[in-house]
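Data first, discussion second: the structure below is written as structure tokens.
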Amino acid sequence: MRMQNRKALQAFHPHVYSLLETLLDSPFEAETNNLLFLGRTWPFGELAPVPLGSCVIVFGLPHPTELAKILNQTPERVLIVDSQIEKVWALMMNHNYEDLLKHPCLYLAVNTPEKLLIEFPELLYQFRDLQNLEWRESQPATELAERMGSVFLLQGFRPWQEELAVIQPPEQLKVLTAQLYQELLPATETAYKNYALSCSSGCAQCCHKGVSALITVTPGEWLVLWESFLSLPEKRLKKIAKYFRTWVGKEQKLLLKLLGYFAENMQQSHTSDFSLKHLELLAPQHNQACFLLDSETQTCLVYPGRPLTCRLFGASHFYGSQPYTCEIDWEQHEHIILHEGKYNHLVKADIWREELQSIHKHYPFKMPLALWFVTHLASDGDGWIDSPRLDYAQFKELLRLNEEEGLGLLTADSQEP
Ligand code: SF4
């Protein structure tokens, strides 16, 4: 292998380096624009250009010229998956990939087809920005893999490609989430009709528990909420923006900790360990009111578009035995669950959460409510941006901006919304 490739691989892709190092020989030979294998010449094909800002997944390490073309289009990230280790070895032996291997966008996944099959879903998860996902196949990698019946190409790469090609557009996410809320309505009404629960307009006890950073919101929930939020009068929107900027100023350390935590541990976000750690991070926040709570009337400013958590809280239970309410009704919930068992009229929160998750199969991320709002503050002026930003890239951009320039969203005044 070329010495400069060796060094770059070792420094930037140590896993691939150690794998390739174990290879002593390769049945492939690489020429300037061809690969020789099994007595045949396999010419490199050109890869189509990549739209700006997309995440790209390429099956098969391309020729360095083609890979450079992709990286020069400034994509968000580029993932090269190759299940033919010897071919990669031959290419690295004969071509100069040194600068490409150092590119910060590039992620290399080179492994046996069987191992890639296991790794791939996990890798895809890191490419959460599925709206802008672009798929490519490089020749001769595809031809070779097809000819050898590669399990990875046929059972891993292609099926995922097909599945992700039919991602619902964000508008559909909004429609499905709104439908889910409609379907939930009779269930909550039944609970309130059957039991003398304390939740009533003007109580809002649960909205005072540091919820802005606690409640996690999926993209579909955000779209519904954002529409509701933008329908507030202009003056109100500006007032909230002003208050919110100040709040962000005070809480930016916490917000960035949260953002980092969610970005790194998203795949565990359904586990109780994840929730516990999330709660730990929020410990100092416990008595803050949600910034969507009207401080005079103690009512929710986005009531028709509030997230699922707010709809479930107060009338639901989890895991069949865990009341999902505040201390006022806790005992009553326990009594109901204990005496009526699974035939009680409280809402089964797990079922609705699972429904929401299934709508988000292709948008597998969520963020604390406050972070969605941070990314929708207008960078100039004193209001909000108009169209929703749904891609995961916005959150990564926030982390980057903070590292390089600070958040830059802060003002000094403070007023309740
Ligand atoms: S979104 Fe509305 S209902 Fe939910 S916590 Fe905030 S103010 Fe309360």
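Below, all heavy atoms of this structure are taken into account, side chains as well, without hydrogens, waters or symmetry copies. First listed ligand is number 1; within each ligand, the first listed atom is number 1. Just so you know, residue 1 is the first one in the sequence shown, and it goes up from there.
Separation of the Phe373 and Phe229 ring centroids falls under the 6.0 Å cut-off.
Put simply, Cys290 stays out of reach of atom 4 (Fe) of ligand 1, with no N, O or S atom under 2.8 Å from it. For atom 8 (Fe) of ligand 1, the N/O/S atoms of Cys300 include none lying under 2.8 Å.
For ligand 1, the atoms lying closer than 4.0 Å to a non-hydrogen atom of Val211 are 5 (S). Of all atoms in ligand 1, listed by their number and element, those nearer than 4.0 Å to a heavy atom of Cys310 are 1 (S), 3 (S), 4 (Fe), 5 (S).
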Which is it for Glu143 and Trp42 under the side-chain contact (heavy atoms from CB on, under 4.5 Å) test, yes or no, and what are the steps along the way? CA-CA 9 Å; Glu143 248 188 271; Trp42 307 78; 3.3 Å; yes
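Annotation: Tyr181, atom OH; neighbour count of heavy atoms from other residues, nucleotides and ligands within 6.0 Å is above 12. Taking a 6.0 Å sphere around OH of Tyr303, one finds it holds 12 or fewer heavy atoms contributed by other residues, nucleotides or ligands.
Note: Tyr261 and His278 have tilted aromatic rings, judged against thresholds of 30 and 60 degrees for the angle between ring planes.
In this structure, the protein non-hydrogen atom closest to atom 8 (Fe) of ligand 1 is Cys207 SG, 2.4 Å.
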